[in-house]
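Note that ligands are numbered from 1 as they come in the structure, with each ligand's atoms numbered from 1 the same way.
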Amino acid sequence: MKFLGLVLVIAGFLFFGSCANEPEQDEFQIGFSQAMTTDNWRKEMNRAMQVETSMHPGFYLEIKDAQNDVSRQIKQIEELISNEIDVLIVSPIQSVPITPVIEKAMNAGIPTIVIDRKIEGSNYTAYVGANNVEIGKNAANYIVSNSKPNQKLELIEITGLQTSSPAFERSQGFNEVISNQGNMDIVASIAGDWEKTSVGDNLKSILDSVGIIDYIFAHNDRMAMSAWEVARSKNLEDSIQIIGVDGLFGPSGGIQLVKEDVLAATVLYPTGGAEAIKLAVKLLEGDQIDKNNILSTVVIDKVNVEIMQNQFNKMNQQQNDIEQQQSIINEQVATYNSQSNLLKIMVGLSVLLLLLGFWAVYLVFKLRKRKRRLELNNEKIITQRNQIEKFAEQLKISNEVKINFFTALSHEFKTPLTLITSAIESISQNPYKQLKDFAYETNLISKNSGRLLRLINELLDFRKLESGSFRLKPLKTNLYEFISNIYEDFETEAVRKSIDLHLETDNKEIMIYMDRDMMDKVFFNMLSNAFKFTPKNGQINIKIEETGADKVGVLFKDSGIGIPKEDFQKIFDPFRQAGNNTKPSSGLGLYITRQFVELHKGNISVSSHQGAEFKIELLKGKSHLSEYEFSEDTSEIRKEESEKALKSTFIPEELSQSLNGNAETILIIEDNEDLSYLLKKRLLGDYRVELSDGTDAIEKAYEIIPDVIICDINLPEKSGFEICQELKRDLRTSHIPTLILTALGDEESRIKALKVGADSYITKPFNFEILKESLRAALFNREKLRYYYTNKIDQVKDNKFEDSEQTFLKDLNQIIEKNLKHANFNVEDLAQQMGISRVQLYRKVKAIIGISISDYINSQRLSKAKSLLQETNLNISEIAYEVGYASPGYFSTSFKNKYGTTPKKFRN
Ligand code: FRU
């Protein structure tokens with residue numbers, strides 16, 4: 001905006017500057033107070049002044065006409081004074097009354113030039129005019145020179161206004177010469193006022209009284225003309241010689257009157273207009289001027305009038321030429337000025353345009369800069385927004401991770417609780433048995449209480465670590481002995497799982513300062529993790545080795561599933577575990593382990609190659625733990641009872657089935673060995689029980705086609721949802737009622753279970769009776785369905801229902817119907833055409849319609865025969881062949897067995 005203002009100021013300056021009429025020099029104002037302009041002499045004076053002024057650029061002339069009125073002249077001069085003109089020129093009407101106002105101008109510092117008539121005193125700058133005494137003398141001398149010596153001459157003098165200096169002076173000169181002549185007498189003097197009117201009557205009466213006279217001297221040509229008119233009126237014009245003053249050129253001017261013999265002569269009285277302007281210019285240009293500037297004069301008579309006229313003509317011609325030139329110059333100056341102005345305007349506009357151009361460019365740059373700034377700001381905001389979004393996302397993930405963690409942890413509590421409650425339930429239902437008969441149950445209670453305790457301890461440790469309130473109590477400890485102790489606790493477990501467990505070291509005497517509680521948890525956690533992920537017949541190696549002068553490393557290597565490289569860091573974060581880990585855990589174990597190791601200024605790292613390998617590095621000596629208080633207790637490495645309880649060595653007895661062949665089969669898919677063992681133990685009395693830890697669930701289901709399935713959700717490899725869905729989609733297993741038994745109690749999981757076709761949903765910890773009832777109900781429903789299928793087989797044909805059992809039966813019936821007349825069509829053929837095994841077909845059909853498949857084919861043959869008997873005229877034998885019986889006799893027997901009457905009777 002500042003720039004715009006500047007541009008406008010410059011533009012305005014250029015524009016107005018160029019339009020103004022710039023003075024090439026200072027301007028001067030000349031004020032002229034003219035006495036009157038009634039006569040040509042005065043008009044000539046004005047004209048001469050104007051012409052002369054026009055020759056001087058920068059000088060301006062203002063003429064004020066007083067119209068022969070003294071007071072008006074005074075007033076006009078005062079106006080000029082107050083206008084602060086540079087030079088004042090005055091032609092006074094009268095001398096005395098005008099003198100003070102001229103003094104006033106002089107006092108105001110305005111140089112004043114008096115022209116023609118004089119004022120009183122000498123308080124003015126300069127005077128211009130002819131010598132009027134001389135003029136009077138010239139007139140008198142003319143008379144003298146034209147008269148004969150001693151000739152008696154009578155004269156009349158007509159004066160101008162007597163209060164004006166020329167009248168007085170002309171009279172003075174005239175009388176001075178005449179009075180010296182002895183023969184000349186001025187017989188009368190008329191007091192005129194310079195105008196014609198002041199002459200006529202006076203002269204007439206004088207002539208009347210004196211008669212003929214010789215000469216009349218009038219003080220100007222106008223009054224001389226009037227005198228001539230009076231003389232002529234008396235026919236005396238040829239007798240009286242008249243002399244005037246002024247000698248103006250032009251019509252009715254003095255020269256013309258001489259030429260026309262009206263006047264004998266006229267004395268030239270120059271106006272002095274041009275001279276007065278010249279003086280004013282000189283004055284204003286700082287040049288010196290004379291105070292008295294007397295103009296020359298001459299008598300014009302018959303002798304020189306022609307020459308004078310010629311001269312005046314020439315002068316006039318020249319004057320006109322000059323004026324013409326002047327006007328041409330003026331025109332050219334005007335053209336020049338307007339063109340120069342135009343040029344200046346154009347230059348101004350060009351500069352303005354240029355400035356506006358610069359301004360536009362400047363604005364473009366400024367805008368670009370601003371735009372860039374805005375873009376940068378925008379980018380910054382977007383980055384910040386993205387960061388905020390990222391933070392929010394991270395926060396969300398972190399929250400989700402925590403929520404998932406606590407949900408998972410709650411579920412972790414549920415399994416041991418289920419086992420404990422189930423064991424207690426089992427004990428309480430058999431009040432008459434001895435407690436020793438419940439070794440398995442009590443062991444289960446103890447083991448799972450320990451597990452709960454461990455989970456709680458991990459949580460408490462986590463809390464303590466988070467609040468930074470853990471303090472080490474370092475004790476000097478033999479590392480090998482310490483780890484051996486823990487190792488021993490796992491030996492039985494190793495035997496049970498047929499795991500090759502090894503502990504080795506080069507140096508059994510390595511001593512380490514450690515907080516035994518913490519390191520016990522660390523090594524125990526390492527080993528239990530290794531056991532968790534190592535399959536049967538696997539290997540677990542522990543190696544203690546000195547890795548430097550002051551360092552000891554403890555290596556835990558297993559042959560389990562290993563850990564994906566991308567999870568190496570993640571597994572040490574709280575609430576997180578490796579992507580391939582489906583084992584139950586609090587998600588805190590490795591986090592706590594690392595924290596404990598780091599509190600010892602040690603280090604834990606992981607690598608994975610055919611199993612997982614954890615390396616814990618600890619420092620020897622105690623300087624690194626100087627901030628802690630050392631306990632000097634070097635007592636035996638002891639173990640806490642609660643920990644021991646965790647490492648129970650109880651091995652449950654093999655469970656044996658002792659049921660008849662009609663008992664229904666249950667497949668329990670559960671990875672918690674204790675729970676599946678307990679379930680098996682409790683259900684064995686009523687059902688044939690098969691177990692799967694989830695890894696072989698589908699295969700086992702296809703193999704045994706169980707009557708009912710109990711399935712957990714959180715399983716290794718495949719989830720319970722996936723297993724259920726797969727079984728429900730398969731023709732062979734779609735009919736099997738499936739109970740979901742899970743720790744997940746949320747609605748989402750329930751809905752998901754229903755969607756994949758689960759028949760029932762029971763949450764842990766569960767009441768065993770409820771589970772049993774649910775099993776019973778599921779089987780009963782299956783029975784009802786079977787009844788429905790058996791009795792409404794026709795509706796099945798109508799395809800009104802669209803579940804997989806309907807489809808199965810429909811396909812089955814179609815194949816049987818197509819092959820009904822083939823006597824050797826058997827179960828094997830049917831299974832093959834259905835795309836399943838003979839056993840699977842048998843079990844499936846038995847499950848959904850309650851009879852064996854061969855009985856079903858037979859019943860289909862007989863039912864077809866029944867309708868043929870009713871609807872056709874075929875004879876019995878023909879019908880027997882039509883429905884696949886090789887012998888009509890056997891057909892009749894079978895028919896009677898099923899319908900209680902022979903075909904023949906039935907038709908009748
Ligand atoms: C003009 C005039 C002249 C004369 C002069 C004297 O007004 O009357 O004729 O010479 O004034 O001031």
Shortest protein heavy-atom distance from atom 10 (O) of ligand 1, along with the residue and atom involved: D246 OD1, 2.6 Å
Within-4.5 Å side-chain heavy-atom neighbours: I30 and I85: no
Residue that, paired with S33, satisfies side-chain hydrogen bond (donor to acceptor under 3.5 Å, both in side chains) out of K75, Q73, E62, E79: Q73
Residues N220 and Y269: side-chain donor-acceptor under 3.5 angstrom: no
Protein heavy atom at shortest distance from atom 6 (C) of ligand 1: W194 CH2, 3.4 Å
Atoms in ligand 1 with a heavy atom of N220 nearer than 4.0 Å: 3 (C), 8 (O), 9 (O)
Atom 12 (O) of ligand 1: the protein heavy-atom neighbour that sits closest, reported with distance to 0.1 Å: R117 NE, 2.8 Å
Per-residue contact class, R170 against ligand 1 - non-hydrogen pairs under 4.0 Å: side chain
Backbone or side-chain N or O of W41 under 3.5 Å from ligand 1 N or O: no
V281 and E52, any side-chain heavy atoms less than 4.5 Å apart: no
Test item, M45 contacting ligand 1 (heavy atom, 4.0 angstrom): no
Side chains of E157 and N175, donor plus acceptor under 3.5 Å: yes
Ligand 1 contact by D39, heavy-atom criterion under 4.0 angstrom: yes
Any N/O pair D116/ligand 1 closer than 3.5 Å: yes
Plane angle bin for H219 and W194 - parallel if under 30°, tilted between 30 and 60°, otherwise perpendicular: tilted
